[in-house]
Amino acid sequence: MTGTVDVVVVGGGQAGLAAGYFLRRAGLRFVVLDAQDEPGGAWRRGWDSLRLFSPAEHNPLPGWWMPRQEGEPFPTATHVAGYLQDYERRYDLPVRRPVRVRGVHDAGARLAVDTDHGIWHASFVISATGTWDSPILPHYPGAVEFVGEQLHTVDYRSPERFRGRRVVVVGGGNSAAQILAEVSTVATTTWVTRREPRFMPDDVDGRVLFDVATRRDAARRAGTDAESVSALGDIAMVPPVLEARDRGVCRARPMFDRLTRDGVAWDGVAWDDGTEQPCDVIVWCTGFRPALDHLEPLELPLPGGVPKTIGTRSVDEPRLYLLGYGDWTGPASATLIGASRTAKPAVADITERLRVA
Ligand code: FAD
């Protein structure tokens with residue numbers, strides 16, 4: 001399972017597949033290497049109730065729109081994963097899985113992609129490994145003394161196992177708000193955030209985000225400024241979060257200072273119920289960083305924790321492109337629509353460079 005190709009795509013989630021579509025159309029020789037056992041990328045790994053923020057028709061990959069899901073205005077993660085599976089088949093994308101890329105190396109005229117199934121050589125590498133393989137677990141004093149359970153968003157599936165327990169949910173983003181909303185229906189919850197949570201207006205859903213991202217993309221092309229999606233707030237008021245807010249569970253406390261044997265504690269702040277909050281479980285919804293370990297052999301400088309890019313191309317290794325990780329690889333590039341918008345110019349650039357080489 002090795003060979004020499006024009007392009008190796010690392011990662012077979014939505015960003016890798018969008019790249020695959022344009023590579024196929026350009027007639028290039030390529031392979032997509034994906035570490036998972038089955039198609040769907042991160043959509044196979046979210047919690048059971050995870051849904052898109054917007055209807056299917058607002059979340060297209062290039063070429064073929066996501067079909068609607070019967071009876072579900074906002075498709076479930078399972079539906080999205082099924083769409084990605086069908087998408088691979090429809091365009092006959094050469095995805096090899098499970099294949100984990102261990103390292104991308106400079107091998108002179110080509111890049112060598114070392115995997116647990118042998119080495120591929122390529123003129124270009126597109127890295128599209130997402131973030132779910134790199135959860136961020138902040139360190140707080142007392143973490144080892146705490147006798148309860150600690151888990152991260154990646155480990156969370158459904159609320160039932162927390163029934164009757166005391167749960168602290170940490171984090172001010174969408175994952176935290178959605179997990180808090182459902183856990184609070186079966187458990188006693190405390191929500192803790194580093195800064196006051198910022199909710200979007202009730203009537204803003206993914207359709208509005210889609211429109212804002214579209215205007216930002218147009219502004220970027222025209223070289224002008226446009227409003228930022230985050231200016232709307234961080235937390236989308238999806239139905240479970242709206243319902244939780246109406247139940248009064250969406251009031252957050254500032255971040256605690258340390259963990260204790262039996263819970264979490266604030267130094268110098270006394271709540272009505274004291275300075276310590278006993279709990280059985282802490283759910284860290286503290287985000288992810290780009291999964292870039294496989295790029296370590298290239299020894300790229302990482303100002304701000306990520307490689308420097310112009311568009312999606314690495315400045316320090318111009319044969320490397322990065323797709324889908326977040327705004328630093330293009331506006332809204334960690335969304336379905338954003339993945340296709342950033343994959344297209346990346347593949348056009350590669351095609352042109354192969355042509356003149
Ligand atoms: P992934 O889907 O993570 O795919 C990366 C793939 O690369 C995985 O299969 C992984 O196994 C593989 N991989 C990793 N490392 C290696 C390696 N070394 N070698 C080989 N393979 C590797 N997006 C939307 O578009 N619309 C929404 O409404 C939306 N709502 C969201 C709501 C929530 C609450 C959350 C948390 C996310 C939401 N997202 C939404 C974002 C979306 O789910 C992810 O950002 C998206 O899955 C990222 O796609 P990707 O292809 O970049 O990465």
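All values reported here derive from a predicted model rather than from experimental measurement. Atoms within each ligand, like the ligands themselves, are counted from 1 in listed order.
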Return a yes/no value for Ile337: is any of its N or O atoms, backbone included, closer than 3.5 angstrom to an N or O of ligand 1? no
Got the closest protein heavy atom to atom 49 (O) of ligand 1, with its distance? Gln14 CG, 3.2 Å
What are the atoms of ligand 1, with element, lying closer than 4.0 Å to any heavy atom of Ala15? 51 (O), 52 (O)
Is Leu336 in polar range of ligand 1, meaning some N or O pair under 3.5 Å apart? yes
Which of Ser158, Pro159, Ser175 passes side chain to side chain contact (heavy atoms under 4.5 Å, CB included) with Trp47? Answer is Ser175
The atoms of ligand 1 lying under 4.0 Å from a heavy atom of Asn59, numbered in the order shown, are 25 (O), 26 (N)
Run the salt bridge (Lys or Arg N to Asp or Glu O under 4.0 Å) check on Arg319 and Asp106 step by step: do they pass? CA-CA 10 Å; Arg319 294 170 293 179; Asp106 183 349; 3.1 Å; yes
Among all protein heavy atoms, pick out the one at the shortest distance from atom 53 (O) of ligand 1; state its residue, atom name and that distance to 0.1 Å. Gly130 CA, 3.3 Å
Mark up the atoms of ligand 1 that fall under 4.0 Å of a heavy atom belonging to Asp133, in ascending order. 10 (C), 11 (O), 14 (C), 15 (N)
Please determine if Val10 has a nitrogen or oxygen closer than 3.5 Å to a nitrogen or oxygen of ligand 1. no
Answer yes or no: does an N/O atom from Asn174 fall short of 3.5 Å to an N/O atom of ligand 1? no
Assess whether salt bridge (Lys or Arg N to Asp or Glu O under 4.0 Å) is satisfied between Arg157 and Asp48, documenting all intermediate values. CA-CA 5 Å; Arg157 288 291 164 276; Asp48 294 352; 5.0 Å; no
Nearest-neighbour protein heavy atom for atom 22 (C) of ligand 1, which is reported as residue plus atom name and distance: Ala35 CB, 3.7 Å
With a 4.0 Å heavy-atom cut-off (strictly under), which part of Asp293 contacts ligand 1: side chain, backbone, both or neither? neither
Nearest protein heavy-atom contact for atom 16 (C) of ligand 1: which residue, which atom, what distance? Thr129 CG2, 3.5 Å
Under a 4.5 Å side-chain heavy-atom rule over Ile, Leu, Val, Met, Phe, Trp and Tyr, are Ile136 and Leu151 clustered together? no
Of Tyr83, Tyr21, Tyr91, the residue whose pairing with Trp64 passes ring-ring contact (aromatic ring centres under 6.0 Å, His included): Tyr83
Is ligand 1 under 4.0 Å from a heavy atom in the side chain of Phe74, in the backbone, in both, or in neither? neither
Would Leu84 and Leu323 show up in the same hydrophobic cluster when neighbours are defined by side-chain heavy atoms closer than 4.5 Å? yes
Between atom CZ of Arg253 and atom CD of Glu196, what is the distance when rounded to the nearest 0.5 Å? 13.0 Å
Does any N or O of ligand 1 fall below 3.5 Å from an N or O anywhere on Ala42, backbone included? yes
Any nitrogen or oxygen of Asp34, side chain or backbone, less than 3.5 Å from one on ligand 1? yes
Nearest 0.5 Å please: distance from the CG atom of Asn59 over to the CZ atom of Phe53. 10.5 Å
Let's go through Arg100 and Asp293 carefully: what are the C-alpha distance in whole Å and the side-chain angles of both, what is the deciding distance for salt bridge (Lys or Arg N to Asp or Glu O under 4.0 Å) to 0.1 Å, and is it a yes or a no? CA-CA 11 Å; Arg100 178 163 291 278; Asp293 287 357; over 6 Å; no
Kindly give the heavy-atom pair with the smallest separation between Ala181 and Pro240, and that separation in Å. CB-O, 3.5 Å
Is the shortest distance from atom 37 (C) of ligand 1 to a protein heavy atom below 4.0 Å? no
Going by the atom numbers of ligand 1, which of them fall below 4.0 Å from some non-hydrogen atom of Thr335? 23 (N), 24 (C), 25 (O)
Heavy-atom side-chain contact between Leu336 and Leu52 under 4.5 Å: yes
What is the closest protein heavy atom to atom 4 (O) of ligand 1, and at what distance does it sit? Gly13 CA, 3.4 Å
Could you tell me whether Leu323 and ligand 1 have an N or O pair separated by under 3.5 Å? no
Does the side-chain contact (heavy atoms from CB on, under 4.5 Å) test come out yes or no for Glu38 and Arg44, once each step is laid out? CA-CA 8 Å; Glu38 47 182 358; Arg44 290 263 179 234; 3.4 Å; yes
Nearest 0.5 Å please: distance from the CG atom of Asp34 over to the CZ atom of Arg96. 12.5 Å
Any Phe288 heavy atom less than 4.0 Å to ligand 1: no
Ligand-side contact atoms (ligand 1) for residue partner Trp47, heavy atom cut-off under 4.0 Å: 34 (C)
When every non-hydrogen atom of Gln69 is compared with those of Pro75, the smallest separation belongs to OE1-CA, 3.1 Å
So which atom in Leu180 and which in Val249 form the shortest heavy-atom distance, rounded to 0.1 Å? CD2-O, 3.5 Å
Just to be sure I read this right, does ligand 1 sit under 4.0 Å from the backbone of Ala128, its side chain, both, or neither, counting only heavy atoms? backbone
Any idea which protein heavy atom is nearest atom 27 (C) of ligand 1, and the distance to it? Leu52 CD2, 3.3 Å
Under 3.5 Å, side chain of Thr260 to main-chain N/O of Gly263, donor-acceptor pair present? yes
Atom 33 (C) of ligand 1 [closest protein heavy-atom partner, distance rounded to 0.1 Å]: Leu50 CD1, 3.7 Å
Looking only at distances, can you tell me whether any N or O atom of Val101, backbone or side chain, sits closer than 3.5 Å to an N or O atom of ligand 1? yes
So, regarding Phe53 and ligand 1 (criterion: nitrogen or oxygen to nitrogen or oxygen, under 3.5 Å), is there a contact or not? yes
Go through the side-chain N and O atoms of Tyr325 and Thr129 and say whether any donor and acceptor fall under 3.5 Å apart. yes
To the nearest 0.1 Å, how far is atom 45 (O) of ligand 1 from its closest protein heavy atom, and which atom is that? Ala334 O, 3.0 Å
With heavy-atom distances below 4.0 Å as the criterion, list the atoms of ligand 1 near Leu33. 20 (C), 21 (N)
Identify, by atom number and element, the atoms of ligand 1 in contact range of Gly41, meaning under 4.0 Å from any of its heavy atoms. 2 (O), 4 (O), 9 (O)
Applying a heavy-atom cut-off of 4.0 Å, say which part of Trp43 lies close to ligand 1: side chain, backbone, both or neither. side chain
Would you please determine whether Ser175 falls within less than 4.0 Å of ligand 1 on a heavy-atom basis? yes
Residue pair Ala187 / Phe162: nearest heavy atoms and the distance that separates them: CB-O, 3.3 Å
